[in-house]
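Below you'll find the structure, written out as structure tokens, and then a few comments.
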Amino acid sequence: MPNSTPVVVVRELTSHGYNADRDAVTLLADEPDPARAVEHVVEHAPADVLTISAAQVRDALKARGDDEAADASGARNDRPGPSTDAASPTAADDTADTAEQNAPDAADHTTDHTDDNPSEPTISSGSEKTTSSSKASGSAPETKGVSEGSTGVSDALDADSIGEFERAVDETLHEVRVANDITGQSTGTGDYGDFVSVFRDRYDRLSSKLRGRVNHRPTNALESMGGGSEAAIVGMVNDIRSTASGHWLIELEDTNGVFPALVMKDRDIAAHVDELLLDEVIAVEGSLAQDGGILFVDSLHFPDVPRTYEPNTADRHVQAALISDVHVGSQEFADYAWESFARWLHTEEAEHVEYLLIAGDMVEGVGVYPNQDDELDIVDIYEQYEAFAEKLKQVPGDMEIVMIPGNHDAVRLAEPQPAFDEELRDIMSAHDARITGNPSTVTVEGVNVLMYHGVSIDEVIAEHPSESVSYQAPHRAMEKLLRKRHVAPQYGGRLRVAPEEKDYLVMDDVPDVFHTGHVHKLGVGTYNNVRLVNSGCWQEQTEFQKSVNIDPDVATAPILDLDTLDVTVRKFEN
Ligand code: D5M
Ligand code: FE
Ligand code: ZN
């Protein structure tokens with residue numbers, strides 16, 4: 001899908017006199033035929049509505065009828081799967097409707113625990129200093145248990161204050177290790193064969209996490225098992241469609257072929273079908289139809305994170321600032337806010353902040369989105385990095401900086417993205433930052449931080465039917481990625497995946513902290529004891545963002561205690 005689609009959607013809607021929520025635009029842009037989808041929405045929109053919501057889009061698209069929706073979802077996937085012969089041997093569509101009438105009435109059973117996972121993060125209010133500083137400012141709002149300690153930067157921190165406090169950082173204690181970085185390892189030649197390898201590797205690694213939990217059979221052995229037998233499949237989601245009667249048909253693919261699995265619409269597990277993405281790996285258990293040609297699903301499993309996961313923590317009280325989306329070079333770059341942040345890092349309140357992790361979009365880039373040029377302050381990409389390097393120089397020299405690229409940065413767009421090349425490293429060399437790929441696992445004093453820019457978050461939000469997973473709560477989307485144990489499952493759409501021998505986007509090990517950005521909204525949460533942080537941005541609202549009602553969280557810096565994984569959000573004036 002071209003990047004310009006959301007812009008076209010917004011234009012179309014405004015030409016019909018409508019504004020739209022960001023989630024609504026994303027949903028429409030992700031439709032196979034966005035123009036037609038907009039027409040449907042306009043037809044179905046209540047007369048008195050000015051701003052179209054995501055719920056209204058969903059209602060309108062639902063009203064189109066199952067046939068069209070099924071066609072549409074069938075058209076989405078064109079990548080090769082883990083089986084060498086990707087062609088579907090089963091006439092799943094034809095068998096589905098007759099088969100579902102014979103479905104057994106087994107009790108619903110699922111081992112996945114989304115619903116009872118606490119969605120509210122349990123985050124401490126941070127240090128005494130933060131609390132008192134937020135009281136002193138009198139304006140720090142408390143959101144979701146995250147304490148937003150206003151630093152009162154404008155009055156308390158003038159330029160002179162930098163000199164007042166002497167940081168006493170013992171750099172010999174610093175410890176940063178990087179793993180799972182594509183940089184220098186890329187083997188992709190762009191051949192079809194590389195796509196086959198990357199998906200096969202994904203299947204191998206994710207299926208191994210599920211195999212011990214179900215008694216699965218290879219897809220090509222199922223048909224001979226006999227009607228009515230209990231069976232399980234571990235497969236990659238090849239296709240999802242709704243049948244004429246509203247049930248769900250999931251086509252699963254393993255290294256031997258594909259097999260259809262049917263989830264009845266009235267089962268509890270049907271809710272999980274809504275959150276499936278193409279190309280993720282799941283397990284299903286159930287029973288085979290009388291003719292053996294379809295599996296009726298009773299339970300569905302994600303690779304997931306164990307509920308009892310015990311995260312690693314640092315041995316001493318030390319903190320990391322988790323930021324992203326600086327967008328230097330944009331006219332909307334929040335220069336003043338950055339200055340406040342940098343000055344604050346030199347104060348006593350920040351004495352334990354010894355690491356700065358930056359999850360992509362250092363600069364605004366050039367030609368990333370249509371008409372972006374109109375909003376550029378610096379038009380040359382190298383000059384943008386030079387300006388960014390100046391911003392880094394304001395960060396205390398004793399801090400360790402780690403950075404990965406994002407979709408605005410000058411590296412390949414397809415994920416995994418390698419780290420900045422030599423020329424860019426040279427430009428940014430003043431601070432001697434650790435420069436690594438997107439994604440990377442960065443171990444900071446024993447704490448494994450999975451850094452990923454976050455383009456797939458747009459996709460997860462667009463595909464997820466519930467309002468709980470939205471731009472207001474990006475950490476809920478991160479939770480879904482953790483369950484899938486993959487940072488960007490769905491190939492195609494807005495996300496480009498590079499063909500490689502190995503799938504660097506698989507989460508082999510459970511991270512202790514998952515750090516993303518990209519959507520320019522702050523989100524802090526936990527999922528099975530894994531700390532989730534989506535940092536905000538340092539760019540004020542752009543024209544595009546205005547047109548889709550994106551209200552970015554500008555100038556916030558989540559500060560992570562590496563010894564407890566508590567997070568305190570610092571808000572700077574912008
Ligand atoms: O994107 C920041 C957020 O805004 C992310 O959710 C994508 C969305 N965005 C911003 N500009 C556009 C355009 N022009 N088309 C589609 N989506 C957009 P970032 O990539 O960090 O700027
Ligand atoms: Fe960004
Ligand atoms: Zn981005």
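Atoms within a ligand are numbered from 1 in the order they appear, just like the ligands themselves.
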May I ask you to check whether [X] brings an N, O or S atom to under 2.8 Å from the Zn ion (ligand 3)?
X	value
Asp361	yes
Ser324	no
His453	yes

**Asked** Between Lys502 and Gln185, is any pair of side-chain heavy atoms under 4.5 Å apart?
**Response**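 Lys502 does not reach Gln185 side chain to side chain.
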
In His518, the N/O/S atom nearest the Zn ion (ligand 3) carries the name ND1

Under 4.0 Å to a heavy atom of [X] - the qualifying atoms of ligand 1, by number:
X	result
Asn407	20 (O)
Val519	6 (O)
His327	21 (O), 22 (O)

Would you check if the Fe ion (ligand 2) lies under 2.8 Å from any N, O or S atom of His327? yes

| Is His520 close enough that one of its N/O/S atoms sits under 2.8 Å from the Fe ion (ligand 2)? |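 Looking at His520, which is the residue asked about, there is an N, O or S atom under 2.8 Å from the Fe ion (ligand 2).
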
More than 12 non-hydrogen atoms from neighbouring residues, nucleotides or ligands closer than 6.0 Å to CG on Asp426, yes or no? yes

inquiry  = Testing Phe341, Phe388, Tyr336, Phe333 one by one against Trp538 for a ring pair (Phe, Tyr, Trp, His ring centres under 6.0 Å), which residue passes?
reply    =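 Testing Trp538 for a ring pair (Phe, Tyr, Trp, His ring centres under 6.0 Å) against Phe341, Phe388, Tyr336, Phe333 leaves exactly one candidate, Phe341.
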
Side chain or backbone of [X] under 4.0 Å from ligand 1, or both, or neither, by non-hydrogen atoms?
X	value
Ile550	side chain
His518	both
Asp325	side chain
Gln372	neither

Are His520 and Tyr471 an aromatic pair by the rule of ring centers under 6.0 Å?
->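 So the answer is no for these two rings.
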
Between Phe420 and Tyr385, does the ring centre distance come in under 6.0 Å?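 Yes, the ring of Phe420 comes within the 6.0 Å limit of the ring of Tyr385, centre to centre.
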
Using modelled atom types only, decide if a donor and an acceptor are shared between the side chain of [X] and the backbone of [Y] within a distance under 3.5 Å.
X	Y	result
Asp181	Thr183	yes
Glu375	Glu543	yes
Lys480	Ile457	no
Arg476	Ser470	no

Atom name of the N, O or S atom of Asp361 nearest to the Fe ion (ligand 2) is OD2

Among the N/O/S atoms of Asp325, the Fe ion (ligand 2) lies closest to OD1

For the 3.5 Å polar cut-off, considering only N or O atoms, please tell me whether [X] and ligand 1 meet it.
X	answer
Asp361	yes
Gln545	no
His408	yes

Run the numbers on Tyr369 and His408 for ring pair (Phe, Tyr, Trp, His ring centres under 6.0 Å), then give the verdict.
CA-CA 9 Å; Tyr369 289 125; His408 282 254; 5.5 Å; yes

message = Test side chain to side chain donor-acceptor pair (under 3.5 Å) on Glu339 and Gln394; report intermediate values, then the result.
response = CA-CA 8 Å; Glu339 303 271 325; Gln394 298 169 352; 3.1 Å; yes

